[in-house]
Amino acid sequence: MSSDTTIAQEALTFSDLGLSPKVLSAVTDAGYTQPTPIQAGAIPHALLGKDVLGIAQTGTGKTASFVLPMLTRLEKGRARARMPRTLILEPTRELAAQVEENFVKYGKNHKLNIALLIGGVSFDEQDKKLERGADVLIATPGRLLDHRERGKLLLNGVEILVIDEADRMLDMGFIPDIERICEMIPFTRQTLFFSATMPPEITKLTEKFLHAPVRVEVSKAASAATNIIQRLVKSGSKPWDKRETLRNLIKAEDAELKNAIIFCNRKVEVSELFRSLLKYDFDAGALHGDMDQRARMQMLANFRDGKLRYLVASDVAARGLDIPDVSHVFNYDVPIHAEDYVHRIGRTGRAGRSGKSFTIATKSDTKYVDAIERLIGTKIEWHDGDLSTVVASEGEDDAPRRGKGAPRRAGRKDDDRKDRGERKKGSERRARHGEEDASSVVAQQEQPDVAEAAVADISERRARKEAIRSENTERKSSDRNEQRAPERGDTRPQRDNSRPARHRHQEDNDTTVGFGDDMPAFMRIVAKV
DNA sequence: AAAAAAT
């Protein structure tokens, strides 16, 4: 009876789902045999051309649940110029690039034209791909609409439309854009719609744009994976207190720590913490939305490839990003929205591995911690005593009653001197003079420990300089020049700008992109198909 | 209290 169905489900393999031989062979080559619940539930219907409403978090194998059937269905027919056959909408550039990687990986036996339309990079290459006729078009909404308005793109040939991470698009205010785009595509299309949650606005959207969808639901991740050890870490609330807490934590975890993502709530904090960590010789990179696109891709690639051990990031990296082997997640700030906590810590403990997450909490974070504990339904253990044992740094208390202008030098600890040094002056200068100045800052820093520097692995130092340089090309100050100004003293090997960065790292690595085995264990148990 | 996305 019910045990029979369980057995039948467990025995299910990809070859049972109706995928084409070409697709199956790519899946097998990637080392997968068993579909995840969302894949097993969605693929057969998607192959039949039905609309699918998939309710699933990232990390459930969701991407493959639309990539594989789309590849199969694309085997018939050909793309025409400026008329893409399929369209996949993603909320962030990194996610869009990641989906493209999936199409490349599982479409290796197909001859498909894939175009990635995202902001922050030049139009030329994107235009060329559209002109050639794209079988698969992956886009963030803004750039897609931009291309359309320039007349480079006709959406009335789209046969399959995928809307991914719909609830996140809602958070980001993309819903009007999504509606516009949906209205441009003939309703004879097939629509595959994915969302982790179903708030009323999203339900409305599905009622408007889906036709008799098959609903496939995988239970929510909010119950927090059991393979991730979670701890709260008390800290004073001043930035230097928190940075010191973080450094000590990282050092204490050193033996177990392969690599870590460190989340901050704000972009400025990402930048500050990143610079601070570099000064303390941590092998860190940074990732947030104000960095130029090349730097974003570079940082992510370097972190994935193990060239950077730490990645300081905003919530742009919280959801969906698939880096298979992250050992630690640190929340430098307690996330304001409890769901973000679940997404952030879900960057570790992937592909059935174990992971550790530490959340630095100050007295003013109490209510956010409470909200998180309510959401995940458990109390998070304190790492080394709770906040009642916090010693406020000398001359300060934790009460946030002082304004920003309050003197803050009084009680600083010895260890902090590095942290607060000449940063402001330095960054102002860098902003005016561009990148070459950043390397001199690095040189300056390294001077005090010449001996150490000499011993240090050269490539590591080069990577760090590269990192500091990239992080300095923040979009706000230089993105526009970036597109047309290779004349700045750029010593990096000349980039072939006609190809987006992600193609390069994709060719020279075969990092596993998460898939069937990329499902948290707790989900495997409760998932219903 | 934020971040994300077109310029």
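This structure is a prediction, so every number in the text was calculated from the model and none was measured. In what follows, chains carry the letters A, B, and so on, assigned in the order in which the sequence lines appear, proteins first and then strands, with residues in each chain numbered from 1.
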Below 4.0 angstrom from OP1 or OP2 of [N], is there any side-chain N or O of [X]?
{"X": "A:Arg93", "N": "B:dA6", "answer": "yes"}
{"X": "A:Thr140", "N": "B:dA6", "answer": "yes"}
{"X": "A:Arg266", "N": "B:dA4", "answer": "no"}
{"X": "A:Arg143", "N": "B:dT7", "answer": "yes"}
{"X": "A:Thr92", "N": "B:dA3", "answer": "no"}

Please determine if A:Arg319 and A:Asp171 form a salt bridge, counting it only when a charged side-chain N lies under 4.0 Å from a carboxylate O. yes

Using a strict 4.0 Å threshold on nitrogen-to-oxygen distance, state whether A:Arg231 and A:Glu381 make a salt bridge. yes

Closest to the A:Glu149 side chain, choosing from B:dA2, B:dA3, B:dA6: B:dA6

Taking the side chain of A:Ser314 as heavy atoms from C-beta outward, which of B:dA3, B:dA1, B:dA5 is closest to it? B:dA3

[X] [atom1] to [N] [atom2], straight-line distance once rounded to whole Å:
{"X": "A:Asp315", "N": "B:dA1", "atom1": "CG", "atom2": "C1'", "result": "13 Å"}
{"X": "A:Ile175", "N": "B:dA5", "atom1": "CD1", "atom2": "C1'", "result": "13 Å"}
{"X": "A:His343", "N": "B:dA3", "atom1": "NE2", "atom2": "C1'", "result": "13 Å"}
{"X": "A:Glu94", "N": "B:dA5", "atom1": "CD", "atom2": "C1'", "result": "11 Å"}
{"X": "A:Met169", "N": "B:dA6", "atom1": "CE", "atom2": "P", "result": "11 Å"}
{"X": "A:Leu287", "N": "B:dA5", "atom1": "CG", "atom2": "P", "result": "10 Å"}
{"X": "A:Phe174", "N": "B:dA3", "atom1": "CZ", "atom2": "P", "result": "15 Å"}
{"X": "A:Glu339", "N": "B:dA4", "atom1": "CD", "atom2": "P", "result": "17 Å"}

When the ring planes of A:Phe282 and A:Tyr310 are compared, do they come out parallel, tilted or perpendicular, using 30° and 60° as the limits? perpendicular

With heavy atoms under 4.0 Å as the rule, sort A:Phe263 into base, sugar-phosphate or nothing. nothing

Using a cut-off of 4.0 Å on non-hydrogen atoms, how would the nucleic acid contact of A:Asp177 be classed: base, sugar-phosphate, or nothing? nothing

Can you name the side chain to side chain donor-acceptor pair (under 3.5 Å) partners of A:Glu149, sequence neighbours left out? A:Arg180

Any donor-acceptor pair under 3.5 Å joining the side chain of A:His337 to the base of B:dA2? yes

By side chain to side chain contact (heavy atoms under 4.5 Å, CB included) - contacts of A:His147 (at least two apart): A:Leu117, A:Phe123, A:Gln126, A:Asp127, A:Leu130, A:Arg143, A:Arg150, A:Lys152, A:Leu153

